[in-house]
Amino acid sequence: MNKKTIILGIESSCDETAASIVTENEQGIPIVLSNVISSQVDIHKQFGGVVPELAARSHIKKIDWIVQKAIDDSKINAEDIDAVASTAGPGLIVCLSVGLNFGKSFALALNVPFISVNHLEGHALSPKLNSNLEYPYLLLLISGGHSQYLSVQKAGTYKRLGTTIDDALGEAYDKTAKLLGIEFPGGPKIESFAAKGDPNKYILPKPIFNKGGCNLSFAGLKTAILKISKNIKNEQEKFDLAASFQKTIEDILNKKTKIAFSEHEKINNLKKKTFVVAGGVAANKKIRSMLIKLCDENNYDHVFPSIDFCGDNAAMIALVGLEKFKMKKFDNLDHPARPRWPLDNEAPFMKGFGVKL
Ligand code: KG4
Ligand code: ZN
(Lines give C-alpha, C1' and ligand atoms only; values in the text may rest on other atoms or scores of the structure.)
(Ligands and ions follow the chains in the order given, each with its own letter.)
Protein backbone atom coordinates (compact mmCIF):
# COMPACT_ATOMS: atom_id res chain seq x y z
CA MET A 1 0.00 0.00 0.00
CA ASN A 2 1.28 3.48 -0.90
CA LYS A 3 2.09 5.80 1.97
CA LYS A 4 -0.49 8.60 2.17
CA THR A 5 0.77 12.16 1.90
CA ILE A 6 1.00 13.87 5.30
CA ILE A 7 1.14 17.67 5.57
CA LEU A 8 1.91 19.87 8.58
CA GLY A 9 0.01 23.17 8.35
CA ILE A 10 0.92 26.27 10.38
CA GLU A 11 -1.18 29.43 10.82
CA SER A 12 -0.21 32.69 12.58
CA SER A 13 -1.54 35.49 10.36
CA CYS A 14 -3.52 37.29 13.07
CA ASP A 15 -4.46 36.32 16.63
CA GLU A 16 -4.69 32.52 16.42
CA THR A 17 -1.60 30.33 16.71
CA ALA A 18 -2.50 27.04 15.04
CA ALA A 19 -0.99 23.81 13.71
CA SER A 20 -2.58 20.78 12.11
CA ILE A 21 -1.73 17.48 10.47
CA VAL A 22 -3.81 16.58 7.42
CA THR A 23 -3.66 13.50 5.20
CA GLU A 24 -6.13 11.91 2.76
CA ASN A 25 -7.86 8.57 2.25
CA GLU A 26 -7.76 6.29 -0.82
CA GLN A 27 -10.50 8.36 -2.49
CA GLY A 28 -8.49 11.57 -2.06
CA ILE A 29 -10.83 12.89 0.68
CA PRO A 30 -8.85 14.96 3.23
CA ILE A 31 -8.59 13.61 6.77
CA VAL A 32 -7.73 15.92 9.66
CA LEU A 33 -5.49 13.98 12.07
CA SER A 34 -5.07 16.89 14.47
CA ASN A 35 -6.17 20.52 14.69
CA VAL A 36 -4.67 22.62 17.49
CA ILE A 37 -5.73 26.25 17.90
CA SER A 38 -4.70 28.70 20.58
CA SER A 39 -6.68 31.95 20.57
CA GLN A 40 -5.32 35.20 22.01
CA VAL A 41 -8.68 36.79 22.82
CA ASP A 42 -7.73 37.28 26.48
CA ILE A 43 -4.58 39.21 25.53
CA HIS A 44 -6.35 41.63 23.20
CA LYS A 45 -9.72 42.16 24.84
CA GLN A 46 -8.55 44.95 27.14
CA PHE A 47 -7.46 46.90 24.03
CA GLY A 48 -10.69 46.39 22.07
CA GLY A 49 -8.85 44.83 19.10
CA VAL A 50 -5.75 42.89 18.04
CA VAL A 51 -2.44 44.57 18.99
CA PRO A 52 0.11 43.31 16.40
CA GLU A 53 3.20 43.42 18.65
CA LEU A 54 1.45 41.52 21.46
CA ALA A 55 0.03 39.03 18.98
CA ALA A 56 3.49 38.35 17.51
CA ARG A 57 5.03 37.86 20.96
CA SER A 58 2.35 35.36 21.85
CA HIS A 59 2.87 33.44 18.58
CA ILE A 60 6.61 33.25 19.33
CA LYS A 61 5.92 31.94 22.83
CA LYS A 62 3.50 29.24 21.71
CA ILE A 63 4.49 28.08 18.26
CA ASP A 64 6.86 25.29 19.37
CA TRP A 65 4.44 23.50 21.62
CA ILE A 66 1.44 24.05 19.35
CA VAL A 67 3.29 22.30 16.50
CA GLN A 68 4.51 19.58 18.87
CA LYS A 69 0.97 19.06 20.15
CA ALA A 70 -0.39 18.82 16.59
CA ILE A 71 2.18 16.09 15.84
CA ASP A 72 1.50 14.25 19.14
CA ASP A 73 -2.31 14.42 18.73
CA SER A 74 -2.09 13.03 15.20
CA LYS A 75 -0.12 9.99 16.44
CA ILE A 76 2.34 10.30 13.53
CA ASN A 77 6.09 10.80 13.83
CA ALA A 78 7.63 14.05 12.63
CA GLU A 79 9.64 11.97 10.12
CA ASP A 80 6.36 10.92 8.41
CA ILE A 81 5.62 14.53 7.36
CA ASP A 82 5.95 14.99 3.58
CA ALA A 83 5.80 18.79 3.46
CA VAL A 84 5.33 21.82 5.70
CA ALA A 85 2.78 24.47 4.68
CA SER A 86 2.68 27.89 6.40
CA THR A 87 0.44 30.90 5.89
CA ALA A 88 2.51 33.57 4.13
CA GLY A 89 -0.26 36.18 3.82
CA PRO A 90 -2.41 38.17 3.88
CA GLY A 91 -2.20 39.28 7.51
CA LEU A 92 -0.10 41.19 10.01
CA ILE A 93 3.52 41.00 8.91
CA VAL A 94 4.96 40.57 12.41
CA CYS A 95 2.54 37.69 13.01
CA LEU A 96 2.94 36.04 9.61
CA SER A 97 6.73 36.02 10.01
CA VAL A 98 6.51 33.77 13.08
CA GLY A 99 4.66 30.84 11.47
CA LEU A 100 6.39 31.34 8.14
CA ASN A 101 9.91 31.22 9.56
CA PHE A 102 9.05 28.36 11.89
CA GLY A 103 7.61 26.40 8.97
CA LYS A 104 10.65 27.02 6.78
CA SER A 105 13.04 25.90 9.54
CA PHE A 106 10.96 22.80 10.24
CA ALA A 107 10.90 21.86 6.54
CA LEU A 108 14.65 22.37 6.33
CA ALA A 109 15.26 20.25 9.43
CA LEU A 110 13.05 17.43 8.06
CA ASN A 111 14.48 17.87 4.56
CA VAL A 112 10.99 18.09 3.02
CA PRO A 113 9.46 20.70 0.68
CA PHE A 114 8.15 23.98 2.04
CA ILE A 115 4.81 25.37 0.75
CA SER A 116 3.60 28.93 1.26
CA VAL A 117 -0.16 29.29 1.60
CA ASN A 118 -2.54 32.17 0.99
CA HIS A 119 -4.75 32.37 4.10
CA LEU A 120 -7.78 33.28 1.95
CA GLU A 121 -7.25 30.14 -0.12
CA GLY A 122 -7.41 28.22 3.17
CA HIS A 123 -10.82 29.73 3.94
CA ALA A 124 -11.96 29.17 0.35
CA LEU A 125 -11.19 25.42 0.48
CA SER A 126 -12.05 24.89 4.18
CA PRO A 127 -15.55 23.47 3.48
CA LYS A 128 -13.79 20.53 1.81
CA LEU A 129 -12.49 19.49 5.24
CA ASN A 130 -15.88 18.23 6.36
CA SER A 131 -18.09 18.00 3.30
CA ASN A 132 -17.84 16.40 -0.07
CA LEU A 133 -18.45 19.62 -1.98
CA GLU A 134 -18.13 19.81 -5.72
CA TYR A 135 -16.65 22.76 -7.60
CA PRO A 136 -17.65 25.39 -8.48
CA TYR A 137 -19.29 27.01 -5.47
CA LEU A 138 -19.94 30.51 -4.25
CA LEU A 139 -18.24 31.44 -0.98
CA LEU A 140 -19.10 34.29 1.36
CA LEU A 141 -16.25 34.77 3.82
CA ILE A 142 -17.22 37.01 6.75
CA SER A 143 -14.66 37.21 9.55
CA GLY A 144 -12.82 39.74 11.69
CA GLY A 145 -10.32 40.36 8.91
CA HIS A 146 -12.09 39.64 5.63
CA SER A 147 -15.42 40.07 3.86
CA GLN A 148 -15.47 38.67 0.34
CA TYR A 149 -17.67 36.91 -2.18
CA LEU A 150 -15.54 34.39 -4.10
CA SER A 151 -16.49 32.09 -6.94
CA VAL A 152 -14.36 29.02 -6.15
CA GLN A 153 -13.84 27.28 -9.48
CA LYS A 154 -11.28 24.68 -8.44
CA ALA A 155 -8.26 24.53 -6.14
CA GLY A 156 -6.04 27.38 -7.31
CA THR A 157 -8.67 29.17 -9.42
CA TYR A 158 -10.76 31.84 -7.73
CA LYS A 159 -12.75 34.76 -9.00
CA ARG A 160 -13.39 37.49 -6.49
CA LEU A 161 -16.84 38.89 -7.11
CA GLY A 162 -16.90 41.40 -4.29
CA THR A 163 -14.96 42.55 -1.25
CA THR A 164 -15.17 45.18 1.46
CA ILE A 165 -13.78 48.54 0.48
CA ASP A 166 -13.08 49.43 4.13
CA ASP A 167 -13.86 47.43 7.31
CA ALA A 168 -14.47 43.69 7.50
CA LEU A 169 -17.92 42.67 8.78
CA GLY A 170 -16.57 41.16 12.03
CA GLU A 171 -14.65 44.38 12.56
CA ALA A 172 -17.91 46.35 12.15
CA TYR A 173 -19.55 44.13 14.83
CA ASP A 174 -16.54 44.56 17.12
CA LYS A 175 -16.41 48.35 16.67
CA THR A 176 -20.15 48.68 17.30
CA ALA A 177 -19.74 46.52 20.38
CA LYS A 178 -16.91 48.71 21.65
CA LEU A 179 -19.10 51.82 21.28
CA LEU A 180 -21.77 50.08 23.37
CA GLY A 181 -19.22 49.21 26.07
CA ILE A 182 -18.98 45.51 25.15
CA GLU A 183 -15.57 43.87 25.31
CA PHE A 184 -13.72 42.43 22.27
CA PRO A 185 -14.71 40.39 20.33
CA GLY A 186 -18.21 41.77 20.67
CA GLY A 187 -20.00 40.08 17.74
CA PRO A 188 -21.77 37.37 19.78
CA LYS A 189 -22.87 39.86 22.47
CA ILE A 190 -24.26 42.28 19.84
CA GLU A 191 -26.34 39.37 18.59
CA SER A 192 -27.80 38.75 22.05
CA PHE A 193 -28.37 42.51 22.68
CA ALA A 194 -30.11 42.72 19.31
CA ALA A 195 -32.58 40.00 20.31
CA LYS A 196 -33.90 42.31 23.07
CA GLY A 197 -34.19 45.48 20.98
CA ASP A 198 -36.35 47.21 18.39
CA PRO A 199 -34.70 46.86 14.94
CA ASN A 200 -36.68 49.82 13.57
CA LYS A 201 -35.73 52.32 16.28
CA TYR A 202 -32.71 53.81 14.48
CA ILE A 203 -32.31 54.32 10.74
CA LEU A 204 -28.68 53.54 9.89
CA PRO A 205 -26.88 54.10 6.58
CA LYS A 206 -26.35 51.24 4.15
CA PRO A 207 -23.12 52.27 2.38
CA ILE A 208 -22.88 51.45 -1.37
CA PHE A 209 -26.24 49.62 -1.14
CA ASN A 210 -27.31 50.68 -4.62
CA LYS A 211 -23.96 50.62 -6.37
CA GLY A 212 -20.66 48.74 -6.50
CA GLY A 213 -22.11 45.31 -7.42
CA CYS A 214 -21.57 42.91 -4.52
CA ASN A 215 -18.75 44.94 -2.99
CA LEU A 216 -19.35 45.84 0.64
CA SER A 217 -18.71 48.84 2.90
CA PHE A 218 -19.25 49.16 6.63
CA ALA A 219 -17.18 52.17 7.76
CA GLY A 220 -20.06 54.66 7.38
CA LEU A 221 -22.17 52.57 9.71
CA LYS A 222 -19.60 52.86 12.46
CA THR A 223 -19.59 56.67 12.14
CA ALA A 224 -23.40 56.78 12.42
CA ILE A 225 -23.34 54.48 15.44
CA LEU A 226 -20.65 56.61 17.09
CA LYS A 227 -22.95 59.66 16.88
CA ILE A 228 -26.02 57.84 18.20
CA SER A 229 -24.12 56.04 20.96
CA LYS A 230 -23.15 59.38 22.52
CA ASN A 231 -26.83 59.99 23.36
CA ILE A 232 -27.70 56.54 24.62
CA LYS A 233 -29.43 56.90 28.00
CA ASN A 234 -30.29 53.39 29.11
CA GLU A 235 -29.84 49.67 28.48
CA GLN A 236 -32.97 49.44 26.31
CA GLU A 237 -31.58 52.04 23.90
CA LYS A 238 -28.37 49.96 23.65
CA PHE A 239 -30.47 46.92 22.76
CA ASP A 240 -32.38 49.00 20.17
CA LEU A 241 -29.16 50.24 18.57
CA ALA A 242 -27.73 46.69 18.45
CA ALA A 243 -30.99 45.46 16.88
CA SER A 244 -31.00 48.28 14.31
CA PHE A 245 -27.36 47.48 13.44
CA GLN A 246 -28.10 43.75 13.13
CA LYS A 247 -31.10 44.46 10.89
CA THR A 248 -29.07 46.82 8.68
CA ILE A 249 -26.37 44.15 8.21
CA GLU A 250 -29.02 41.57 7.29
CA ASP A 251 -30.50 43.96 4.69
CA ILE A 252 -27.04 44.66 3.20
CA LEU A 253 -26.06 40.96 3.03
CA ASN A 254 -29.45 40.02 1.59
CA LYS A 255 -29.13 42.49 -1.26
CA LYS A 256 -25.42 41.87 -1.96
CA THR A 257 -25.79 38.07 -1.84
CA LYS A 258 -28.51 38.22 -4.50
CA ILE A 259 -26.09 40.18 -6.71
CA ALA A 260 -23.31 37.65 -5.97
CA PHE A 261 -25.67 34.78 -6.94
CA SER A 262 -26.32 36.31 -10.34
CA GLU A 263 -22.62 37.14 -10.94
CA HIS A 264 -21.60 33.59 -9.96
CA GLU A 265 -24.24 32.17 -12.33
CA LYS A 266 -23.05 34.43 -15.16
CA ILE A 267 -19.45 33.16 -15.07
CA ASN A 268 -20.11 29.45 -14.43
CA ASN A 269 -22.10 26.83 -16.26
CA LEU A 270 -23.83 25.49 -13.14
CA LYS A 271 -25.45 22.09 -12.85
CA LYS A 272 -25.81 22.56 -9.15
CA LYS A 273 -25.87 25.83 -7.20
CA THR A 274 -23.98 25.82 -3.88
CA PHE A 275 -23.43 28.67 -1.43
CA VAL A 276 -20.86 28.32 1.37
CA VAL A 277 -20.68 30.79 4.26
CA ALA A 278 -17.47 30.76 6.33
CA GLY A 279 -15.74 32.97 8.92
CA GLY A 280 -16.61 33.86 12.52
CA VAL A 281 -19.63 36.03 11.63
CA ALA A 282 -21.25 32.98 9.98
CA ALA A 283 -22.05 31.91 13.57
CA ASN A 284 -24.65 34.73 13.75
CA LYS A 285 -28.01 32.94 13.85
CA LYS A 286 -30.06 35.75 12.28
CA ILE A 287 -27.60 36.13 9.39
CA ARG A 288 -27.65 32.34 8.96
CA SER A 289 -31.41 32.05 8.82
CA MET A 290 -31.71 35.01 6.43
CA LEU A 291 -29.10 33.46 4.10
CA ILE A 292 -30.71 29.99 4.31
CA LYS A 293 -34.06 31.49 3.31
CA LEU A 294 -32.39 33.31 0.43
CA CYS A 295 -30.79 30.03 -0.73
CA ASP A 296 -34.16 28.25 -0.60
CA GLU A 297 -35.74 31.01 -2.67
CA ASN A 298 -32.94 30.86 -5.27
CA ASN A 299 -32.42 27.07 -5.47
CA TYR A 300 -29.00 27.11 -3.81
CA ASP A 301 -27.77 24.39 -1.46
CA HIS A 302 -26.29 26.04 1.62
CA VAL A 303 -23.17 24.85 3.46
CA PHE A 304 -21.87 26.24 6.74
CA PRO A 305 -18.50 24.62 7.54
CA SER A 306 -18.22 23.29 11.10
CA ILE A 307 -17.22 25.88 13.69
CA ASP A 308 -13.74 24.26 14.01
CA PHE A 309 -12.97 25.08 10.39
CA CYS A 310 -14.97 28.32 10.12
CA GLY A 311 -12.64 30.63 12.03
CA ASP A 312 -8.87 30.77 11.57
CA ASN A 313 -7.27 27.32 11.81
CA ALA A 314 -4.29 25.41 10.42
CA ALA A 315 -6.23 22.43 9.01
CA MET A 316 -7.33 24.66 6.13
CA ILE A 317 -3.70 25.70 5.59
CA ALA A 318 -2.55 22.06 5.57
CA LEU A 319 -5.37 21.27 3.10
CA VAL A 320 -4.11 23.91 0.65
CA GLY A 321 -0.62 22.47 1.27
CA LEU A 322 -1.93 19.02 0.29
CA GLU A 323 -3.45 20.37 -2.94
CA LYS A 324 -0.23 22.21 -3.81
CA PHE A 325 1.85 19.13 -2.92
CA LYS A 326 -0.12 17.10 -5.45
CA MET A 327 0.59 19.78 -8.06
CA LYS A 328 4.28 19.87 -6.96
CA LYS A 329 3.94 23.59 -6.25
CA PHE A 330 6.74 24.11 -3.75
CA ASP A 331 8.36 27.34 -2.58
CA ASN A 332 11.89 28.41 -1.85
CA LEU A 333 12.98 29.19 1.67
CA ASP A 334 13.33 32.88 0.78
CA HIS A 335 9.58 33.18 0.12
CA PRO A 336 8.55 36.48 1.74
CA ALA A 337 5.64 37.21 4.06
CA ARG A 338 2.96 38.99 2.00
CA PRO A 339 0.76 41.23 4.20
CA ARG A 340 -1.35 41.98 1.13
CA TRP A 341 -1.89 38.97 -1.12
CA PRO A 342 -5.06 38.95 -3.22
CA LEU A 343 -6.40 35.54 -4.14
CA ASP A 344 -7.64 36.72 -7.50
CA ASN A 345 -4.80 38.62 -9.18
CA GLU A 346 -7.14 40.07 -11.77
CA ALA A 347 -9.36 41.67 -9.11
CA PRO A 348 -8.66 45.39 -8.56
CA PHE A 349 -7.35 46.73 -5.24
CA MET A 350 -10.46 47.99 -3.45
CA LYS A 351 -9.32 49.91 -0.41
CA GLY A 352 -8.72 53.60 0.18
CA PHE A 353 -8.78 56.73 -1.90
CA GLY A 354 -9.42 56.46 -5.64
CA VAL A 355 -11.40 53.21 -5.58
CA LYS A 356 -13.82 53.06 -8.51
CA LEU A 357 -17.18 51.36 -7.89
O1 KG4 B 1 -13.11 34.04 11.63
P2 KG4 B 1 -12.96 34.51 13.05
O3 KG4 B 1 -13.20 33.52 14.14
O4 KG4 B 1 -11.54 35.07 13.31
C5 KG4 B 1 -10.85 36.10 12.69
O6 KG4 B 1 -11.41 36.92 11.96
O7 KG4 B 1 -9.65 36.11 12.97
O8 KG4 B 1 -13.96 35.75 13.21
C9 KG4 B 1 -14.02 36.52 14.39
C10 KG4 B 1 -15.04 37.59 14.17
C11 KG4 B 1 -15.05 38.63 15.27
O12 KG4 B 1 -15.08 39.89 14.68
C13 KG4 B 1 -16.34 38.33 16.03
O14 KG4 B 1 -16.91 39.44 16.68
C15 KG4 B 1 -17.23 37.83 14.91
O16 KG4 B 1 -16.36 37.02 14.11
N17 KG4 B 1 -18.34 37.02 15.43
C18 KG4 B 1 -19.64 37.36 15.30
C19 KG4 B 1 -20.39 36.34 15.95
N20 KG4 B 1 -19.51 35.41 16.44
C21 KG4 B 1 -18.27 35.83 16.10
N22 KG4 B 1 -20.22 38.41 14.72
C23 KG4 B 1 -21.56 38.48 14.76
N24 KG4 B 1 -22.35 37.57 15.39
C25 KG4 B 1 -21.82 36.49 15.98
N26 KG4 B 1 -22.59 35.59 16.59
ZN1 ZN C 1 -9.15 34.28 8.49
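Please read these numbers as outputs of a predicted model, since none were measured by experiment. For ligands, and for the atoms within them, numbers begin at 1 and follow the listed sequence. Hydrogens, waters and symmetry mates are skipped; everything else that's a heavy atom, side chains included, is used.
- The shortest non-hydrogen separation linking Ala337 to Ile93 is CB-CG1, 4.2 Å.
- Nearest approach of Val32 to Ser20, heavy atoms of both residues: CG1-OG, 4.1 Å.
- Side-chain contact of Asn25 with Lys4: a donor-acceptor pair under 3.5 Å is absent, judged by distance alone.
- A donor-acceptor contact under 3.5 angstrom links the side chains of Gln246 and Asn284, judged on distance only.
- Under a 4.0 Å criterion applied to the non-hydrogen atoms of Gly145, ligand 1 contributes the atoms 6 (O).
- Taking the six-membered ring for Trp and the full ring otherwise, the centers of Phe245 and Tyr173 sit less than 6.0 Å from each other.
- Closest approach of Ile81 to Val112, counting heavy atoms only: O-CG1, 3.3 Å.
- With hydrogens and angles left out, the side-chain atoms of His59 and Ser12 include no donor and acceptor closer than 3.5 Å.
- For Lys201 (side chain) and Leu241 (main-chain N/O), no donor-acceptor pair under 3.5 Å exists by modelled atom type.
- In terms of the salt bridge (charged side-chain N to carboxylate O under 4.0 Å, His left out) criterion, residue partners of Glu171 (sequence neighbours excluded) are, by chain and number, Lys175.
- Residue, atom and distance of the protein heavy atom nearest to atom 26 (N) of ligand 1 are Glu191 OE1, 2.8 Å.
- Taking only non-hydrogen atoms, the option from Ser143, Gly280, Gly91, Cys14 nearest to atom 20 (N) of ligand 1 is Gly280.
- Remark: minimum distance from atom 6 (O) of ligand 1 to any protein heavy atom is reached at Gly144 N, 2.6 Å.
- Listed by atom number, the atoms of ligand 1 under 4.0 Å from Val281 heavy atoms are 15 (C), 16 (O), 18 (C), 22 (N), 23 (C).
- Some N or O of Gly187 is nearer than 3.5 Å to an N or O of ligand 1, by distance alone.
- With Glu24 as the partner, the side chain to side chain contact (heavy atoms under 4.5 Å, CB included) test is satisfied by one option alone out of Leu319, Leu322, Ile7, Ile6: Leu322.
- The shortest contact between atom 24 (N) of ligand 1 and any protein heavy atom is with Asn284 ND2, 3.0 Å.
- Counting atoms of ligand 1 from 1 in the listed order, those under 4.0 Å from a heavy atom of Asp312 are 5 (C), 7 (O).
- Not one N or O of Glu171 is nearer than 3.5 Å to an N or O of ligand 1, by distance alone.
- If you number the atoms of ligand 1 from 1 as listed, the ones under 4.0 Å from a heavy atom of Gly170 come out as 12 (O).
- Note: an N/O pair closer than 3.5 Å links Asp174 and ligand 1 by distance alone.
- Classification of the Tyr300-Phe261 ring pair by plane angle, with boundaries at 30° and 60°, yields parallel.
- Lys159 pairs in a side chain to side chain contact (heavy atoms under 4.5 Å, CB included) with only one of the listed residues (Val152, Leu343, Asp344), which is Asp344.
- Distances under 2.8 Å from the Zn ion (ligand 2) pick out the protein N/O/S atoms His119 NE2, His123 NE2, Asp312 OD1.
- Atom 3 (O) of ligand 1 has as its closest protein heavy atom Gly311 CA, 3.6 Å.
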